[in-house]
Amino acid sequence: MAFKQITSPHAHAAQNTSKVMQLVLWATVPGLAALTIQFGWGSLINVVLAVVTAVACEAAILKLRKRPVAFYLQDYSAVVTAVLLGLALPPLAAWWVVVVGSMFSIIIAKQLYGGLGYNPFNPAMVGYVVLLISFPIQMTTWITPLSLLPDGVSHPGIIESLGIVFSGYSPADGVTGATPLDVFKHSSGLVVDQIYESNPLFSQAAFAGVGWEWVNLGFLAGGIVLLATRIFTWHGPVAMLAAIAMMSLLFWDGGSSESPGSPLMHLFSGASMMGAFFILTDPVSSAVSNRGRLIYGALIGVLVYIIRAWGNYPDAVAFAVLIANFAAPFIDNYTLPRTYGHTDRRRATEKEED
Amino acid sequence: MQEFAIILVSSILINNYVLVQFLGLCPFMGVSNKLESAIGMSAATTFVLTLTAMASYIVDVMVLMPLGLIYLRTIAFILVIAAVVQFTKMFIEKTSPLLYRVLGVFLPLITTNCAVLGVALQNASKDLNFMESSLYGFGAGAGFSLVLIFFSAMRERLAAADIPAPFEGAAIAMITAGLMSLAFMGFSGLV
Amino acid sequence: MRSTWVTPGGVHPPENKHQSLTMPIGSLPIPEKLLVPLSQHIGAPAKACVKVGAKVLKGQKIAEATGAVSVPMHAPTSGTVTAIEDRPIAHSSGMSAPCIEITSDGKDTWIDHKGVADFEHASPQALTKTIADAGIAGMGGAGFPSAIKLSPGHRRPINTLIINATECEPYITADDSAIRERAAEIITGIGILSHILGNPVNILIGIEDNKPEAIAALEPHVADTGISVVSFPTKYPSGGEKQLIYILTGKELPSGQLPADAGMVCINIGTTYAIKRAVVNGEPLISRVTTMTGNACGINRNYETLIGTPVSHMLAHSEFNEHACSRLVMGGPMMGFSLTSAEVPIVKTTNCILAPSYSEIPDDEPAQACIRCGMCAEACPASLLPQQLFWYSQAEDHDRLEAHNLFDCIECGACSYVCPSNIPLVQYYRHSKGEILKAREEKVKSDHARERFEFHQQRMEQAEKDKEAKRAARREAAEKAKATVAANAGTAKEGTGPAPGSAADIIAAAQARAAAKQVSPEEQQAKFERSIAGAEMRVQMATDKLVETNAKQTEDQKNILNAALEGAKQKLEQAQARLAEHVKKHSEQVK
Amino acid sequence: MIESIAQQPILAALIAMVGLGVLFGALLGYAAEKFKVEGDPIVEQIDELLPQTQCGQCGFPGCKPYAESIASGDAINKCPPGGQSTINAIANLLDVPAPELDAEHGEEADLRTVAYIREDECIGCTKCIQACPVDAILGAAKLMHTVIAGECTGCDLCVEPCPVDCIDMLPLTEGLKQWHWPAPQNQLDIIASDRSGHEAPSNEGRAA
């Protein structure tokens with residue numbers, strides 16, 4: 001009788017990477033739903049378009065590298081990247097914007113580094129930043145939330161939306177408008193209370209900014225599900241949100257005309273929640289240890305606030321995440337956990353234990 | 001005080017010599033394979049940058065300007081840089097032979113590191129005072145160090161990645177640097 | 001109720017313990033042939049002290065301990081020694097090692113043996129010796145000779161005796177069933193240990209709370225003995241020595257230290273039973289409780305198994321279905337190792353034979369990319385970063401691996417268990433550990449070689465210098481002699497004359513010596529012929545090899561062989577040429 | 001004074017540049033004295049990494065001379081006994097890209113070898129004793145020799161001088177003690193569909 005020589009352990013838990021990725025996809029549903037309700041069909045079209053492009057690119061590159069295509073596509077990582085990019089792009093963006101971003105994400109930011117597990121930067125955010133820098137106008141044209149549309153005007157229907165996306169016409173004037181973060185960026189003369197009264201984005205909002213607060217709540221809900229299922233640990237998201245809250249509290253300035261906005265506004269505007277729960281939790285490009293993730297998350301939070309408050313860009317999650325990705329390997333070298341039986345934490349670079 | 005903070009933030013992040021102004025790329029690509037040597041190179045470059053910023057200010061204000069020899073700035077600054085680099089080289093050779101060996105040709109090449117000359121010339125053209133010049137030099141060095149050290153830690157990680165053969169080594173490093181440069185554009189407009 | 005501490009990490013694999021607990025501990029018929037490996041423990045292998053053909057009785061010593069860290073082996077039954085040779089043994093490599101094969105005579109006749117019932121009056125040294133002579137090595141898995149743990153000479157007095165009844169691996173119930181049925185004897189064993197160790201203050205039996213029957217069986221026996229039974233929540237791997245010490249005492253064992261360094265001794269509960277049998281009944285360790293389980297077997301139960309029983313014998317009596325079996329594991333599903341052959345014997349450390357079906361433990365899925373999800377780090381009981389270790393293991397970055405404390409990995413398998421990408425993490429770590437140890441060994445070797453080389457260099461230089469000095473001295477002497485001769489000639493012709501040992505004499509003597517040294521032409525010819533014969537043989541060998549391999553080997557190998565053949569041919573030609581020259585020269589000389 | 005010099009641009013430039021030159025020259029001269037370096041400690045570190053077989057396949061009489069040569073710029077891929085791992089280690093130390101082993105100097109052996117003298121054929125000529133760089137061969141003239149296996153570095157140098165060719169290089173067999181798990185096979189090449197189903201012998205690679 002001959003048997004196989006197999007290394008221990010012989011038992012395995014039922015979890016697998018593809019299931020993890022699928023769970024992440026399901027967790028984006030509340031956010032996607034909120035986006036669709038508040039801003040029309042655009043986000044859904046973005047997501048579908050991005051997924052198709054990403055999967056096609058991934059398959060093509062795998063084929064080129066003579067790797068088993070089906071096996072690698074099964075891990076759903078390309079789909080996750082594409083969905084996140086699609087969610088981040090402004091609804092009703094022209095089709096080529098989505099396609100270019102998605103291609104850049106998969107080909108340059110992911111496959112050139114060897115594919116899943118090797119990419120040092122978050123592919124979706126690389127795609128987003130490339131688009132933001134290359135096509136600033138397309139990337140900053142946001143749709144007005146549903147409840148702020150003038151009477152008689154509504155978001156384009158699905159057929160109409162497809163027409164807008166593929167014909168390249170920009171959506172009608174009445175349908176586009178500023179985001180809460182834009183408002184704060186461009187209203188330096190007013191104290192916060194005045195902004196809140198004069199701008200319907202805030203005066204009609206429940207607590208942060210019309211439309212955006214629901215989108216962020218959607219992502220928060222999805223994120224909490226992922227936390228509860230232990231897909232990632234709390235360290236990164238909590239550190240980032242705490243850092244944003246701390247920074248905005250520190251510079252709140254009592255709501256003067258210099259103030260860059262309240263903590264609540266910052267936490268529930270732009271990509272705060274999506275960034276915290278879906279972007280910086282990308283394990284491949286983030287720091288590995290729990291302590292490292294605390295630092296990593298906090299770094300992102302601080303950078304997001306700094307760029308939002310004083311930089312040229314109204315939102316900054318993508319930039320902050322990329323810069324933190326850049327710092328992550330360095331952070332990893334100095335945030336090893338203390339191993340059982342050792343009195344001190346070690347550094348990854350030391351040759352001998354002190 | 002705020003003035004100084006602005007100079008530092010500007011020279012480290014917004015006008016980062018490597019990722020925004022694309023100066024000093026040669027040692028940036030050449031000495032970023034290993035974290036240890038990157039740290040050594042960072043220290044050496046920061047030292048040289050600060051010292052040359054100071055020395056060239058002195059030479060500029062005390063010698064060139066009174067003599068009306070502003071047109072000789074480039075040559076004079078190169079002289080200053082060469083001397084400082086040579087001094088640094090001797091110092092490192094004595095104190096850390098391995099680092100000296102590892103930095104190899106890049107150590108004397110700090111002389112031709114355009115970031116160094118760039119700092120000296122920019123300082124001179126901006127009419128900064130002594131304190132500001134030194135700070136600017138130090139900030140440029142710190143910015144260089146920051147990205148070089150992060151970059152080398154990242155390259156150490158990339159060493160084990162399954163990168164397609166045509167992109168291995170310098171190619172993927174260039175792409176990474178490019179992506180980093182994109183990310184650093186986020187800092188624009190800060191000051 | 002004592003308080004317990006909680007270790008970091010850990011996993012909760014399905015326990016699967018009930019299957020083998022439906023029946024009491026059974027026994028197997030005596031196998032026809034038993035195979036006793038000489039190395040079943042950590043340390044030097046034992047040395048056989050019987051010859052092939054010798055008749056042995058049950059319990060008779062058949063192999064002696066060698067060195068300080070070693071244990072003897074005893075015949076598990078009566079019979080004849082039929083072989084002492086290398087056989088496949090229970091080892092992950094599937095390699096062979098020396099074993100003693102005993103063919104049973106079926107009578108199972110014990111050798112004379114006698115124990116000490118009142119061990120309280122025996123000296124600890126005598127008891128330790130009894131334990132050593134009984135061949136007892138830790139039965140929990142590692143197989144460390146128990147007597148050494150109990151020997152005095154510890155740097156610190158022992159204040160805590162920990163009895164490991166954790167049995168945290170799924171499927172294994174050997175200790176559980178032994179406690180249920182033999183609690184009284186086990187407590188006696190603990191009494192012996194306590195006596196040997198000078199009655200430590202704390203005697204703790206650590207047991208997971210998934211064994212309520214075993215706890216209940218122990219409770220009545222520990223009353224008034226000062227022994228506490230400490231149960232704690234079930235979690236894998238609580239049974240690792242370091243983990244158990246932390247759970248029970250809240251103390252971490254510093255990396256690289258033994259429990260004894262911290263004033264503790266940790267003994268497996270199965271071992272305490274064996275110690276009781278050895279001391280009170282005088283029986284050496286020749287059998288143990290082993291769990292036979294897994295869905296590929298119709299019967300799942302614990303057996304009192306003779307050491308040396310082939311696994312196949314056990315399977316044969318357990319309604320084993322080979323085709324349903326996905327793999328054969330010695331030990332549990334987390335740390336056990338796969339057996340490549342069912343002929344390997346049960347040894348002192350074998351607590352379980354697991355024969356799972358494909359639905360229980362399917363073949364491994366192909367590994368996907370590591371996404372650094374960190375589930376492994378959450379599961380690691382030693383607070384390592386398995387994903388980083390994996391990364392650096394792939395990159396073969398030994399410095400980084402050591403900085404990440406690779407050697408504190410206990411190979412429990414929790415990381416691989418949870419890995420969503422099915423990466424065989426533990427195998428990477430084992431491989432890297434092996435490579436690092438090998439590199440260290442080679443470093444020691446190369447340092448040694450350098451030392452010897454430098455010494456060699458120095459010696460050669462010294463010899464050269466000595467020779468030079470001697471030559472100089474001789475030249476000086478010769479010159480002096482010449483000078484004297486000249487002086488003598490110049491001053492007094494009728495003087496003493498040249499000394500008997502003059503220069504001419506010396507030269508003549510040297511020539512004579514040289515002539516004597518030169519081999520006779522015949523001898524030289526013989527030498528050449530010898531070398532031709534050698535070279536011819538080599539050509540023949542190379543040709544044979546080439547012909548043989550031509551059929552099946554690759555182009556490269558052929559080229560290498562061809563080159564070898566060419567070389568051999570050249571050597572042959574050279575040798576022939578030399579011989580021809582020599583013969584010519586010699587014949588000329590003769591003429 | 002300064003003004004009068006400034007009136008003469010050529011002279012001013014000359015004086016300024018020469019003055020600066022002299023100043024920095026003096027500074028550097030002082031530094032050169034102060035930071036004088038003796039010896040090259042890098043040699044020791046390279047020597048540490050070489051396998052110390054002293055086989056001379058690199059073309060140098062021993063490992064130390066080769067280390068010295070590397071320190072002064074020689075190629076690092078001339079050491080077959082060390083093989084790729086030694087090349088990688090030196091490359092890592094010197095922070096240069098690791099080249100492949102230079103085939104000109106030999107090939108990396110799969111297994112370590114150790115010299116073995118067929119003692120009944122040995123004629124006791126002591127030639128091998130003289131060739132051995134680490135004094136690992138015992139014997140005297142007209143008496144058979146033997147190799148102390150533990151000291152032998154497997155350098156091959158004793159084989160050539162032997163007049164009766166009684167020295168064999170035997171591979172050191174891997175025993176249970178040396179055995180350790182091989183690295184898991186890189187599974188990237190395995191097509192997923194090949195592995196579904198229980199019949200597929202999917203672990204052959206690992207077992208090998």
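Hydrogens, waters and symmetry mates are skipped; everything else that's a heavy atom, side chains included, is used. In what follows, chains carry the letters A, B, and so on, assigned in the order in which the sequence lines appear, proteins first and then strands, with residues in each chain numbered from 1.
- Between the side chains of C/Ser383 and A/Arg345, not a single donor N or O lies within less than 3.5 Å of an accepting N or O.
- At a heavy-atom cut-off of under 4.5 Å, chain A is reached by C/Gln243, C/Tyr246 from residues 243-250 of chain C, listed in order of number.
- Proximity to chain A (any heavy atom under 4.5 Å) is shown, for C/Cys415, by neither the backbone nor the side chain.
- Contacts from residues 23-32 of chain A to chain C, taken as heavy-atom pairs separated by less than 4.5 Å, involve no residues at all.
- A/Pro9 and C/Tyr417 make their closest contact through CG-N, 4.0 Å (heavy atoms, listed as atom of the first residue, atom of the second, distance).
- Annotation: the span from C/Gln368 atom CD to A/Asn16 atom CG amounts to 6.0 Å, rounded to 0.5 Å.
- Nearest heavy-atom pair across A/Arg347 and C/Ala403 is O-CB, 3.6 Å.
- Within residues 103-113 of chain A, no residue has a heavy atom under 4.5 Å from a heavy atom of chain C.
- Heavy-atom minimum distance, C/Glu378 versus A/Arg230: OE1-NH2, 4.0 Å.
- Counting heavy atoms from C-beta on, the side chains of A/Val20 and C/Met375 come closer than 4.5 Å.
- Applying side chain to side chain donor-acceptor pair (under 3.5 Å) to A/Thr7 and the options C/His431, C/Arg430, C/Gln427 leaves one that passes, C/Arg430.
- Listed by sequence position, A/Pro283, A/Val284 are the residues of residues 275-287 of chain A in contact with chain C, using a 4.5 angstrom heavy-atom cutoff.
- For the set C/Leu328, C/Asp399, C/Val418, C/Val426, the count of heavy-atom pairs under 4.5 angstrom toward chain A peaks at C/Leu328.
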